[in-house]
Amino acid sequence: MAETAEPTVVARREEAAGTILMNRPRALNALDLPMIEGITAALRDFRDDPAVRLVVLEGAGGRAFCAGGDVRRMRELALAGDAAAIEAFFANEYAMNRAIAEFPKPWVSLIDGVCMGGGIGVSVHGSHRVVTEHALLAMPETAIALFPDVGTSFVLPRLPGALGNWLALTGARLKGAEAVEAGLATHHIPRERLPALRHALLAGDAGVVDRFAEPVAPGTVAAQRPAIDRCFGTDSLPAIRAALQAEGTDWAREQLATLDRMSPTSMAVTLELLRRGRTMDLASCLAMELALTRRVTRHPDFAEGVRAVLVDKDNAPRWAPQADPVAMLDGA
Ligand code: QUE
């Protein structure tokens, strides 16, 4: 029996707002190329429509805002040797990230659930990142031998202290309030108030977000910051490991155990990427990331990491460490 294909991006004008729903709930709204094209088209329409005064971006299904990019598909393309299709995906995704950063009206993301990788990319460059107590934000790419992309080589080095290195290397998951503490999110509101906020936003004034937001007190991120800064505030992986060992706490042992599961090549590439990104603008960071996708998706660790985490789900990747990872950032 033929199933009626539901659109995976639903963009509409509702009163003075343009609303965009990422609608692939069974894949936790992970972005495939048609969704990226759909969001990009909606962004252009809403930018040029004077009746639209702000944009509201949401995820369908109640569990996720957006779990990332369609990395399962990227793995298949990598195994098939289809570099052109991989390039098309990332080029379109990063162009969308840049267009969001340059969007001239408020871009309000309502993040109620999982928001990783590509989900960070469609939200963090916008003006308002609203999180609930059910939000979970992370950049987990080192687990699949990718690297923090979607413009986060620009964003992460600008977070306070060593938070960027820590988030990028360990893939640490931040709850909503922690994401506000870290600076990835801007406003915290309880899930139960989200429908009322959404309704209020349709009038076209993003200032209402401030009235709905609840203050976030310094919490776990603030408590861990001194240790994060001591251990992750260097551009050398051996120095980070040595600092964690010297720390001697349960927290430090957990961080070491996490790093031991990640792709060594990916961690080295990531540290250098963030070091370079610190002094570059967003467009240059996105170009650097796009060039890096060509190298990294060809490396066997990428297909292996996606296999271990998302396909076979054995979480036992067999990494093939690269002799000179930083070379992946240089050259053609
Ligand atoms: C690293 C990633 C991703 C990830 C897990 C990682 C990623 C991504 C998904 C994901 C999760 C659930 C889904 C889905 C994709 O997981 O980019 O379709 O249903 O999209 O450790 O980068």
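Just so you know, residue 1 is the first one in the sequence shown, and it goes up from there. Each ligand, and each atom within it, is numbered from 1 in the order the structure gives.
- In this structure, the protein non-hydrogen atom closest to atom 22 (O) of ligand 1 is I144 CD1, 3.2 Å.
- Compare M116, R26, M139 by their heavy atoms: the one nearest to atom 5 (C) of ligand 1 is in M116.
- For atom 12 (C) of ligand 1, the closest non-hydrogen atom of the protein is L28 CD1, 3.7 Å.
- The closest donor-acceptor contact from the side chain of W319 to the backbone of M262 lies under 3.5 Å.
- Counting heavy atoms under 4.0 Å from ligand 1, residue L310 touches it through the side chain alone.
- Of all protein heavy atoms, the one lying nearest to atom 13 (C) of ligand 1 is A27 O, 3.6 Å.
- In R158, the CZ atom is crowded: over 12 heavy atoms of neighbouring residues, nucleotides or ligands sit closer than 6.0 Å.
- Given atom 9 (C) of ligand 1, the protein heavy atom at minimum distance is A67 O, 3.6 Å.
- In terms of polar-atom proximity, defined here as any N/O pair under 3.5 Å, R72 does make such a contact with ligand 1.
- Summarising the contacts of atom 17 (O) of ligand 1 with G69, G117, A145, the nearest heavy atom is found in G69.
- Closest to atom 21 (O) of ligand 1, if we only count protein heavy atoms, is P140 O, 3.5 Å.
- Cluster annotation: V131 and V208 are assigned to distinct hydrophobic clusters (Ile/Leu/Val/Met/Phe/Trp/Tyr, side-chain heavy-atom contacts under 4.5 Å, transitive).
- Checking side-chain atoms of K313 against main-chain N and O of A308 turns up no donor-acceptor pair under 3.5 Å.
- In this structure a side-chain-to-backbone donor-acceptor pair under 3.5 Å is present from R298 to R294.
- Within 6.0 Å of the CZ atom in R198, the count of heavy atoms belonging to other residues, nucleotides or ligands exceeds 12.
- The distance from ligand 1 to the heavy atoms of A30 drops below 4.0 Å at these ligand atoms: 14 (C), 15 (C), 18 (O).
- For ligand 1, the polar-atom distance check finds no N/O of A143 at less than 3.5 Å from any of the ligand's N/O atoms.
- For the residue pair S263 and D301, a side-chain donor N or O sits within less than 3.5 Å of a side-chain acceptor on the partner.
- Residue E141 approaches ligand 1 through these ligand atoms, each under 4.0 Å from one of its heavy atoms: 22 (O).
- A salt bridge is absent between K175 and E133: the closest approach of a Lys/Arg side-chain nitrogen to an acidic carboxylate oxygen does not fall below 4.0 angstrom.
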